[in-house]
**Q** 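Take a look at the following structure, please.
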Amino acid sequence: NPNINLDIPNPNKLKDIDKATTRIIEAIEKKQRIGIIADYDVDGSTSASILYKFLKNFTHSIFLKTPNRLVDGYGPNIKLMKEMLNNNIDLLFTLDCGTTSNHIIDNKEFEKIDVIVIDHHLSEINLPNVLAIINPNRFDDNSDYKQLAAVGVTFLFLMYLRKKLRELNFFRENKEPNLLAYLDLVALGTVCDVVELKNYNRLFVKKGLELIHKRYHKGIAKLIDNSKISSSPTSQDLGFIVGPQINAASRIDDSSLASKLLISNDIEQIESISR
């Protein structure tokens, strides 16, 4: 019986999280252009969705790109980085990818762009030379969050960012985002990345399933309806029925459709993509 208020992990244990939050706050305050490159699977798409939803409260200058699975392959590449450069991106996030992207995200051609990696894949000894790498599985991270999916790491980053914004009295004039409302997406990404459902992951999934049952997220609810799941959705439903539909986008059509579905509040767009 995990308690979301008592058992929530402490984001401060993650290496580089202070550097990353300081830089994103600067980008928000200076109205800089923010880029996101996310992996095309469920974990990457849900990571992109919660980061995009959070930042959208403070800026409209967000440029989200998902690598084309069939053309680009996994992770950032020179072509995508050039797109970021051409779009005058000041700060770039790579989500569920980037930890081993040496000589791509730290290429001298792109040194005008500050890069924050949020990931969970195992690192090598030599890390990309970028602003920050928030990854519990980097070789020099001492947190005990190694089983988190990338969406779980992204959620912890947003928790810490919101805390820092609170300390700056940022929410006097801005609405404070409700992070608990993102746990349906965190649950979906966590289950579909096949990490162990213990400790924090179990906490996220248990609470997220409650939100999914209440149908707060229109995109997830539509995929469940399309699947004719009649009972209250379980983690098995997410892993074997809902998740594969999201993964299908990158395999048969357009890799960006997954994050578009999960970000959108437009009923017609949700209907079209989900179908």
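Side-chain atoms are counted along with the backbone in the values below, which use heavy atoms only and exclude waters and symmetry mates. In what follows, residues are counted from 1 in the order of the sequence shown. Given the structure is predicted, the values throughout are model-derived calculations rather than measurements.
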**Q** Walk me through it: do Phe204 and Ile8 pass the test side-chain contact (heavy atoms from CB on, under 4.5 Å)?
**A** CA-CA 9 Å; Phe204 292 152; Ile8 203 82; 4.0 Å; yes
**Q** Does Arg162 use its side chain to pair, donor to acceptor, with the backbone of Pro177 at less than 3.5 Å?
**A**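 Answer holds: yes.
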**Q** Taking the side chain from Asp90 and the backbone from Arg33, do they hold a donor-acceptor pair closer than 3.5 Å?
**A**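 Confirmed, Asp90 side chain pairs with Arg33 backbone.
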**Q** About how many Å separate CD1 of Ile34 and CG of Leu64, when rounded to the nearest 0.5 Å?
**A**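 Output value for this atom pair is 12.0 Å.
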**Q** Any luck finding a side-chain donor-acceptor pair between Thr99 and Asn135 under 3.5 Å?
**A** yes
**Q** Please check if the side chain of Thr59 supplies one atom and the backbone of Lys56 the other of a donor-acceptor pair under 3.5 Å.
**A** no
**Q** Going by distance alone, is a donor N or O of one side chain under 3.5 Å from an acceptor N or O of the other, for Tyr74 and Asp39?
**A**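 Result is no, nothing qualifies.
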**Q** Spell out, yes or no, whether Tyr216 and Val151 are grouped together once hydrophobic residues are joined by side-chain heavy atoms under 4.5 Å, including indirect joins.
**A** yes
**Q** Going from CG on Asp16 to CG on Asp140, what distance comes out if it is rounded to the nearest 0.5 angstrom?
**A** 8.0 Å
**Q** State plainly whether the residues Arg138 and Asp141 are in salt-bridge range, i.e. N to O under 4.0 Å.
**A**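 No, Arg138 and Asp141 are not salt-bridged.
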**Q** Less than 4.0 angstrom from a charged side-chain N to a carboxylate O is my criterion; do Asp225 and Arg215 meet it?
**A**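 Salt bridge between Asp225 and Arg215, a charged N being under 4.0 Å from a carboxylate O: yes.
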**Q** Just do the side-chain contact (heavy atoms from CB on, under 4.5 Å) check on Leu261 and Ile220 with the steps written out, would you?
**A** CA-CA 9 Å; Leu261 171 71; Ile220 297 175; over 6 Å; no
**Q** Before accepting this row, confirm whether a basic side-chain N of the pair Glu111/Lys108 lies closer than 4.0 Å to the acidic partner's carboxylate O.
**A** no
**Q** So, His121 and Asn137: side-chain donor and acceptor under 3.5 Å apart, yes or no?
**A** no
**Q** Taking all atoms of both residues into account, what is the closest heavy-atom pair of Val130 and Ile133, and its distance?
**A**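 In this case the closest contact between Val130 and Ile133 is CG2-CG1, 3.6 Å.
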**Q** Transitively linked via ILVMFWY side-chain contacts under 4.5 Å: Val191 with Tyr40?
**A**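 In one cluster with Val191: Tyr40, no.
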**Q** Answer yes if the ring centres of Phe93 and Phe157 are under 6.0 angstrom apart, and no otherwise.
**A**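 Yes, the ring of Phe93 comes within the 6.0 Å limit of the ring of Phe157, centre to centre.
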**Q** Quick one: do Leu51 and Val115 end up in the same hydrophobic cluster if we chain Ile, Leu, Val, Met, Phe, Trp and Tyr together by side-chain heavy atoms under 4.5 Å apart?
**A**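 Shared cluster, no.
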**Q** Answer with yes or no after comparing the ring centroid distance for Tyr145 and Tyr200 against a 6.0 Å cut-off, counting only values under it.
**A** yes
**Q** State whether the side chain of Ser250 and the backbone N or O of Asn247 hold a donor-acceptor pair below 3.5 Å, judged by distance alone.
**A**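 Yes: the side chain of Ser250 pairs with the backbone of Asn247.
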**Q** I'd like to know if Arg275 pairs up with Glu271 as an ion pair, taking the criterion as any Lys NZ or Arg NE/NH1/NH2 lying under 4.0 Å from an Asp or Glu carboxylate oxygen.
**A** yes
**Q** Are there over 12 heavy-atom neighbours, none belonging to Lys31, within less than 6.0 Å of that residue's NZ?
**A** no
**Q** If you count the non-hydrogen atoms of other residues, nucleotides and ligands that lie under 6.0 Å from CG in Asn86, is the total more than 12?
**A**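 Check passes, neighbour count above 12.
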**Q** For residues Val117 and Leu148: do they belong to one hydrophobic cluster (side chain heavy atoms under 4.5 Å, members Ile, Leu, Val, Met, Phe, Trp, Tyr)?
**A**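 Unlinked, Val117 and Leu148 end up in two clusters.
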**Q** Checking the side chain of Asn169 only, and the main-chain atoms of Arg172 only, is there a donor and an acceptor separated by less than 3.5 Å?
**A**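 Flag not set: sc Asn169 to bb Arg172 has no pair under 3.5 Å.
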**Q** Specify whether Phe58 and Phe171 have parallel, tilted or perpendicular ring planes, treating 30° as the upper limit for parallel and 60° as the lower limit for perpendicular.
**A** tilted
**Q** Kindly give the heavy-atom pair with the smallest separation between Leu14 and Ser143, and that separation in Å.
**A** CD2-OG, 3.8 Å
**Q** Between Ser123 (side chain only) and Phe139 (backbone N and O only), is there a donor and an acceptor less than 3.5 Å apart?
**A**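 The answer is yes, because a donor-acceptor pair under 3.5 Å joins these two groups.
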**Q** Distance check, rounded to the nearest 0.5 Å: Leu92 atom CG versus Met81 atom CE?
**A** 5.5 Å
**Q** Got more than 12 heavy atoms from elsewhere within 6.0 Å of CG, Asn178?
**A** yes
**Q** Return the CG to CD distance between Asp184 and Glu210, rounded to the nearest 0.5 Å.
**A**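 Here the rounded value is 11.5 Å.
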**Q** So, taking the atom named SG in Cys97 and the one named CG in Asp43, what distance separates them when rounded to the nearest 0.5 Å?
**A** 10.5 Å
**Q** Just by distance, do the side chain of Asp106 and the backbone of His103 share a donor-acceptor pair under 3.5 Å?
**A** yes
**Q** Is the backbone of Glu196 close enough, under 3.5 Å, to the side chain of Asn201 for a donor and an acceptor to pair up by distance?
**A** yes
**Q** Find the distance between CD1 (Ile105) and CG (Asn77) and round it off to the nearest 0.5 Å.
**A**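 Separation between the atoms: 12.0 Å.
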**Q** For residues Leu161 and Leu179: do they belong to one hydrophobic cluster (side chain heavy atoms under 4.5 Å, members Ile, Leu, Val, Met, Phe, Trp, Tyr)?
**A** yes
**Q** If you count every heavy atom of other residues, nucleotides or ligands that lies below 6.0 Å from Glu167 atom CD, does the total exceed 12?
**A**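 Yes, because the 6.0 Å sphere around CD of Glu167 holds more than 12 heavy atoms from other groups.
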**Q** As a quick check of understanding, evaluate side chain to side chain donor-acceptor pair (under 3.5 Å) for Ser256 and Asp254, giving each step before the final call.
**A** CA-CA 5 Å; Ser256 68; Asp254 177 357; 2.9 Å; yes
